[in-house]
Every structure is written in structure tokens, then in C-alpha cells.
*Asks:* 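This is the structure I have questions about; it appears just below.
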Amino acid sequence: MNTRVKRLVLPLGGALVATTMIGAPLASAAQAAPAPDVKSSSLTSSGNAKAIAGYWTSSKLKSAKSYLSDSTVSAKLTKTGAAKAAADGKPGTIAPTGEGGKSAGKSKNLNLPITVGKVFFVDGKGQERWCSGTSVQSKYRNLVATAGHCVYDTDTNKPFDNFVFIPGYYQGKAPWGIYVGAKVNTHDDFTVFEDYDYDYAFVNVYDGVKQQAEKEVDYKTYKAHVDKGGAGREDARSVDHKTYDEWTKKGGLGKAEGIDKEDEVGPQYKGAFAVAVETGKAAWEKTSGNVYGLHDDKVTSGSRVLDQADWPKSGSKLEPRVEHVTKTEYDAYKGPGHKQIDSRGNFTITRYFVVKYIAKTSSAKYTIFRYYITFVTSAGRLGDNVGGQGFTWNQKLGKKVFTFGYPTAAHPDGNKPYSGHTMKWCYGTTGAAPVVPAYKAEEHQAIKCAFTPGASGGPFLLQYKSSKRTGYLNGVVSLTVDSDKNNRYDRVTTPYFNGETYGIYKHAANLWTGKLPG
């Protein structure tokens, strides 16, 4: 491999990140000597693990978006030719540990591995994201393999936040628990030089936790639970006044929102809105207090003109309006109102108006906040629950492999064959991958596969046995490629796993993450 030439390329930003340790002390017996090029970074302390697990509610798991490194992982070919993937020593294997009695379901008569699942994290913009990953064999049964770009943000030179692994993920469910990332181990050439020939990561995780059913509690209990690092949620609901009062008396936190209903303001009732209605005398006499006869130049639009018989003879302080009209207008006028010829022979029409005024009203929307807390229990070690795939390196090309993952993005032509909520697989023969200069990907291997982004980080498994659901990890999905430029992905690639990869895996496989606090 020609890694030394690559190291002449300066990293973006030119910054290195100092290695930090996980919160729980590492057992001295478990401490492995770092591989020459290993980059180990802390993800979170053991004290934060349960809170992070609680963060990933079912709704967040479902709404998270697949992660596209550097905004895209389309990686269309810009140059073809044989890759430089080659062994740097003798081949080797580490045997898997299986949980063959447990099932993650079937897909076209193939038993799906329960070691495979999704990794979730929060990216630099605060968006919940996910990739694929798998449990892999390790001394303390606490190791997850995925793509480097699914753990480490090369733009900010630090790992993503709130990293968890959920094996056997299915439509928002975590059947074997949620495993919070403690420490990520990558190749220095990926974190520093953004070189996708090293786009792999081995993540040590804490013991898993299982979220129990949510329980509704009062605000005081909710606040105390959250302050101690527990998971909770608030749910605002609109209720009537009686329910609102009962809730607040029981200690619930509530909020009342006044909503004023205003229309046109009447001329003699500040803050009122007017509704013009036509009425007869009998209806007028039955109406109390809020009906007045007014000149039409003082009423709001929409007033009604009434016949004299309907106009109240008493109760109004204002006189009807008398209009002088021509004989033609007089003869044509048919009411409502009253027309007459006065003592001077003038033609007059008397108009009568009535407007009903309704006092200003307001209605309150009463909102209560209901509180729920989620209890978590220990699920034990990852490898004890789902097993771990074996590991192999320096293998020749031309081997038959399965790859598993959760593809979801559309092909470049817009076709979207995958939902991202269920596991899918491909089967093919490893071969040289095209060179993709944009990612410095010169030493990948590939198989023919129509996976789309979302499958990133999923395992390449050599010698996969359906009956045992185990094989040997021989790569992780790094790029999805449209190799013939027909706007359809047709290959997935992985960095070639060689002796350097084994060195980083071996270091990670011997790290202990400690116990979660009670």
C-alpha cells in the first residue's frame, strides 16, 4: 500500500485531535498496546450512557435520516481501472461467536444476522442520523464495526454525538437493547487525512439498556427523574377549564392561553363587535339591553332597514331618519320603511334601522402538560446477546461475500426501492473497485450490489453460514457507486482489510468499557 505518499496531503483545517480516554477506568489487564496508526477517541462517559440511550425514543429512531458523508455518497466514477487493494502479509482469521437460536427474521430464505443493526448519532448540525453496523468478536464482547464516516466527523475533527448501536433494528424497535458508544478506534489516515481507504471504525460500547414502557407521573417526579439523567417527555394537551383546574391542583404544570374574538367595533360599545340583524317588534320587546335603534350613519355596515311596524315605538333615544325624495322616487319606493307627503307637500320616506350589539367575548384555551418518564434496565453485554461476527484480513479478491445493511436513499434517477426500516442483503464476488479521487479511495474492493446510501457501515461477511447467522468480517460498506453512469447504483465498496486494519481491530477488541453505574 502506498500510504506514505498519501500522507503528504494536508488535512482540511490542518488540525489534529488529542486522544482522550473513556469515563470508566480501563482495566490494566485489558489494556492493549496501541497499533501504530490507531486513533482512539472518547464518545461519552459511562455516567451519560443511560441518558443517551433514553434520548433515542422510538419516534426519534423512526424520524432519523440516513447519513450522507460530505452531503453525498453517490461517488460516480470519474476514473476506471484496477484498484491497488493487496495483502501486506499473511491472511488471518478470528472465529465468530454466534447466537444461532435467536432470529432476526428471514429474507428470501436467508436467515438474517442478529448482529447487524443500525448505528444512530447526532451530526454537527443537530440532526439525528443513522448508518448500518455489526457486532464483531472481541474479548469483552463489546465491539461494533461500521464505517469511519458514520462515527467521526472529519469536518469538525471530532466524533459525532449520542452514538448508539441497535442490533436487529426493525421499524423503531430495539429487540436486543440499545448500546451506547464509549470509545471509537479508527485509522489515523481517516481522521487526519480523510482518506476513505481507511473508512472503517471499531466502536467499544457499554452494556446495553432496554427502555421500559413509559409511565405518567406528576411534574415533581418527572423533574427529579430527569435531573438524575433519566429519560422523559412532555405532552401538551388542550382541555376544558374543569380538567385544567383539577390537573394543576394535583401538581401538574399548566398554561392558559386567552384568545380574544374581535370583529368590527360598534360605535357606542367600545370593545364590542356588531352583528346586524333584522327583527320584528315582538322580538325587539323580548330582547333585553343590547338592542338599540340607531341612525344608519352611526351603525356599522350590515344594518337592516325595517318596516315602521317593526321599529320600536319606545326604548330608543334616537329618531328614525326622514329623507326627502322626488315624486318619482316616492312612487317607486316599496319599503321597508314608511312614505308619506308632509303638510308642505314634500315627498318623504322614513327609514328605520336596528342593530344588535353583542358584548366583546373571549375564550380561553386551557393547556396542560402531561409528564412521562422512561425507566431503563440493563440488557447485558452486546456479544452475549447477539454474538459477534468473526474477523479476517489479507484475503485475496474473488471471494464470495454477503453484505447486509439498511439502504434507504433513492438512486440518482429518483427510484427509491428501500425504506431503510428493514434489513436487506446482497451477495457477490469481491473484485477490484474503481478509483474515486474525491474520497482518496484507491485501494477498495467491491461487489455488484444495488444498495443505496443508508447501507453505509454494513458488513462484508466472508463464509457466512445462514444456519448460524455468522461469518467473517472482511469489510464495511464505504461507498455506493454508479459505475456505468446510468443513474443507478450498481456496486458497494469497502476499504481492503489488511494487516493495518487488523492492528486497529486487535487494539479495540481488547478494550474494556467498564460497568454502567446503577
Side-chain angles (χ1 to χ4, degrees), residues 44 47-65 120-130 160-162 164 166 169-174 178 180 209-266 269-277 289-290 300 302 356-377 419-421:
T44 193
N48 292 330
K50 288 185 178 179
I52 290 176
Y55 172 86
W56 290 104
T57 61
S58 180
S59 60
K60 277 190 171 67
L61 296 176
K62 289 179 179 179
S63 64
K65 307 297 183 183
F120 290 86
F121 53 91
V122 177
D123 68 14
K125 296 181 180 179
Q127 172 68 56
E128 287 93 8
R129 300 287 188 180
W130 58 264
F160 294 118
D161 294 328
N162 290 19
V164 299
I166 300 180
Y169 172 88
Y170 178 75
Q171 296 185 349
K173 298 178 181 179
I178 299 175
V180 178
V209 297
K210 287 188 176 181
Q211 293 184 341
Q212 305 302 304
E214 292 176 326
K215 176 183 178 182
E216 185 174 356
V217 296
D218 60 23
Y219 175 71
K220 183 178 180 181
T221 305
Y222 168 85
K223 184 73 164 54
H225 181 74
V226 173
D227 287 346
K228 292 180 180 179
R233 70 178 176 88
E234 299 179 5
D235 184 14
R237 299 185 183 183
S238 298
V239 296
D240 58 25
H241 186 268
K242 181 179 179 181
T243 305
Y244 175 83
D245 281 347
E246 291 176 348
W247 169 260
T248 54
K249 288 177 182 178
K250 292 179 180 179
L253 180 65
K255 177 174 65 174
E257 299 174 348
I259 302 175
D260 293 333
K261 290 183 177 179
E262 293 186 0
D263 201 345
E264 297 178 13
V265 177
Y269 197 114
K270 186 177 181 180
F273 64 90
V275 179
V277 294
N290 60 349
T300 58
K356 182 176 182 180
Y357 282 90
I358 301 175
K360 176 182 177 181
T361 63
S362 66
S363 62
K365 176 183 178 182
Y366 295 95
T367 303
I368 63 173
F369 287 92
R370 307 181 71 171
Y371 297 95
Y372 302 84
I373 60 176
T374 300
F375 295 96
V376 296
T377 58
S419 70
H421 289 296

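The analysis underlying the following values was restricted to heavy atoms, covering all of them including side chains, and did not include hydrogens, waters or symmetry mates. What you see is a predicted model, and the numbers here were worked out from it, not measured in a lab.
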*Asks:* Please report the interatomic distance NE2(H421) to OH(Y170), rounded to the nearest 0.5 Å.
*Replies:* 10.5 Å
*Asks:* Which heavy-atom pair separates D245 from H241 by the least distance, and what is that distance?
*Replies:* OD2-CE1, 2.7 Å
*Asks:* Nearest 0.5 angstrom please: F369 CZ to T248 OG1, how far?
*Replies:* 13.5 Å
*Asks:* For the residue pair T367 and S238, what are the closest heavy atoms and their distance?
*Replies:* OG1-OG, 4.3 Å
*Asks:* Can you tell me if K220 has over 12 outside heavy atoms packed within less than 6.0 Å of its NZ?
*Replies:* no
*Asks:* Rounded at 0.5 Å granularity, tell me how far NZ in K65 sits from CG in D123.
*Replies:* 12.5 Å
*Asks:* State, to 0.1 Å, how close N162 and W56 come at their nearest heavy-atom pair, and which atoms those are.
*Replies:* O-NE1, 2.9 Å
*Asks:* Kindly give the heavy-atom pair with the smallest separation between G172 and K62, and that separation in Å.
*Replies:* CA-CG, 3.9 Å
*Asks:* Please report the shortest heavy-atom distance between I178 and A53, naming the atom on each side.
*Replies:* CD1-O, 3.8 Å
*Asks:* Evaluate the criterion side chain to side chain contact (heavy atoms under 4.5 Å, CB included) for residue pair V164 and Y55; output intermediate values, then yes/no.
*Replies:* CA-CA 10 Å; V164 299; Y55 172 86; over 6 Å; no
*Asks:* Just verifying a value: how many Å separate R370 CZ and Y222 OH, rounded to the nearest 0.5 Å?
*Replies:* 14.5 Å
*Asks:* Show your reasoning for whether side chain to side chain contact (heavy atoms under 4.5 Å, CB included) applies to W130 and I166.
*Replies:* CA-CA 10 Å; W130 58 264; I166 300 180; over 6 Å; no
*Asks:* Considering only heavy atoms from C-beta outward, does the side chain of Y371 approach that of K223 to under 4.5 Å?
*Replies:* no
*Asks:* Report the distance from atom CD of E128 to atom CG of L61, rounding to the nearest 0.5 Å.
*Replies:* 9.5 Å
*Asks:* When rounded to the nearest 0.5 angstrom, what is the spacing between CG in D161 and CZ in R129?
*Replies:* 14.0 Å
*Asks:* Please report the C-alpha distance between Y366 and T243 in whole Å, then the side-chain angles of each, then the deciding distance to 0.1 Å, and finally whether the side chain to side chain contact (heavy atoms under 4.5 Å, CB included) criterion is met.
*Replies:* CA-CA 9 Å; Y366 295 95; T243 305; over 6 Å; no
